[in-house]
Amino acid sequence: MTNHQNANLPQGHDNESLSWVEKREATLLAPYAMHSCDSQGRKHPSLEHSYRGPYQRDRDRILHSSAYRRLSGKMQVFTGEMGDYHRTRLTHTQEVATIARTIGRVLGLNEDLIEALALMHDIGHPPYGHAGEDALNECIADEGGFSHNQFALTIAEEIEIRYQEFPGLNLTYEVLAGQTKRIDKTNTVGPKPLLEVQLVDAADSTTYDAHDTDDAVKLKLVTLEEMSSVQLIRDALKRTREKYSNLNDDLTRKSVVHQLVERQVTSLISHCAGELQDRNFGSAAEAMSSDFLIDHTDELAGQKRELEAFLYRNVYRHPDLIEVRQSAQMRLKEMFATYCQRPELFPEKYQARSEKVGVRRMAVEYIAGMTDHFCEQTYKRICQ
Ligand code: MG
């Protein structure tokens, strides 16, 4: 063995490498976690990597995709013109991944799978957030509509081009199935999603409840005093004032947001860890076929609903945002109509896909892939 070789690292691209990942996961993960060795694999079989497990590779494939990078130019709730403090779709995604990984580590779940699912969960978002999604959905309502959760799958399976042999990122079955479950969360037919999938969903709302509060107060759309009509904020303010005296407004807001994350994460962990211990599931499949769910206690779930109703009424439907929403929707619909009438405007590399999915679907997909800024530039170029 030469000096730079490490005896602990697997050598070569063969089944030995998967067994290295397998052994590592057997040590670190709980029996009910999704273990890489039980993966159903990929549509296009590929050799295992010598030191990256299958879900780690999925996470890396998503991280290096164009759609993921474009999240930096897509709004979460507030547009780029409103400042540079608030979250973009990318920083939201990173916060979801971090919070989900923190909880997953304590519960003994598969952190690589959690990160892959979290980084993927919003890659199908169009420009202008949910306003953009609603507009595109209306444009193509008679042909199945548009959903960002569905579009994330289309991106991963058909649109991203990384390999000569086939389209898409060739992700594992488990990551694709996890994203598929997001399309219709009311559909309870069939087995439940993996615990890792359920966790990322819980982490998503944990994250946006906290950061939308932070951003809305920072942008002065609401004050913390107004928000103290909500129990979760009232409790967070109380804990902040018990801990510190004479905090300025900025540090008070930051402390409240910290308390919001801490309260939700700690509560979720203690609620789920105890029950997982009692249930003693022997495998991921056993957990999926039980009635156990990774979720908040009824009390905290009710308090989250109260906070979300407040944010909906006072922030997401704030007059400043309604105006942004309406003008963005108008522009997207105008762009859709223009592309449908003049499909020659699609860049040449999209012509083949246009023939496959039809001009109207192509117009929706092309617009959905744009960042907010590119969408603005394109609107000026083709519609004005
Ligand atoms: Mg999200």
Side-chain angles (χ1 to χ4, degrees), residues 58-59 62-63 65 67-80 86-104 109 111 113-137 146-156 171 175-186 193-216 257 260-261 264-265 268 294-296 301 304-305 307-309 311-312 315-316 321 325 328 368-372:
D58 283 0
R59 182 199 62 193
I62 296 160
L63 181 80
S65 69
Y68 179 80
R69 280 196 302 281
R70 288 201 192 104
L71 295 178
S72 68
K74 297 192 182 202
M75 62 175 261
Q76 178 70 16
V77 175
F78 310 103
T79 62
H86 56 264
R87 275 70 178 174
T88 64
R89 192 65 59 180
L90 181 67
T91 57
H92 158 74
T93 296
Q94 289 168 329
E95 289 184 33
V96 173
T98 302
I99 286 174
R101 195 184 56 204
T102 297
I103 303 167
L109 296 174
E111 292 176 40
L113 176 56
I114 286 169
E115 280 197 271
L117 291 162
L119 296 193
M120 179 170 183
H121 90 281
D122 270 351
I123 61 167
H125 247 291
Y128 298 106
H130 289 285
E133 178 172 38
D134 293 346
L136 294 178
N137 186 39
F146 174 84
S147 130
H148 79 271
N149 283 318
Q150 174 71 59
F151 190 51
L153 281 174
T154 308
I155 288 171
L171 302 177
V175 169
L176 295 173
Q179 182 64 28
T180 305
K181 279 284 183 186
R182 295 184 65 84
I183 296 169
D184 181 6
K185 291 182 195 166
T186 60
L194 286 165
L195 296 179
E196 285 83 355
V197 175
Q198 297 180 34
L199 171 55
V200 170
D201 196 40
D204 192 18
S205 83
T206 298
T207 308
Y208 62 66
D209 282 353
H211 70 46
D212 290 350
T213 298
D214 186 24
D215 293 347
V257 173
L260 270 180
V261 175
Q264 294 181 81
V265 169
L268 191 72
I294 292 205
D295 214 346
H296 293 286
K304 279 169 65 65
R305 278 196 297 277
L307 171 58
E308 285 163 12
L311 289 169
Y312 185 86
V315 178
Y316 309 145
L321 291 193
R325 186 181 163 86
M370 295 177 182
T371 59
D372 301 350

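Every number for a ligand or one of its atoms is a count from 1 in the order of the listing.
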Quick one: report the N, O or S atom of [X] that is nearest to the Mg ion (ligand 1).
{"X": "Asp204", "value": "OD1"}
{"X": "Asp122", "value": "OD2"}
{"X": "His121", "value": "NE2"}

Phe151 and Phe146 aromatic ring geometry - parallel, tilted or perpendicular at 30°/60° bounds: tilted
Please check if the distance between the ring centroids of His130 and His125 is under 6.0 Å.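 So the answer is yes for these two rings.
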Qualifying residue, where the test is side chain to side chain contact (heavy atoms under 4.5 Å, CB included) with Arg59 and the options are Leu171, Leu119, Leu117: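 The passing option is Leu119.
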Under 3.5 Å: donor-acceptor pair, side chain of Asp58, backbone of Ala116: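 Not a single qualifying donor-acceptor pair exists.
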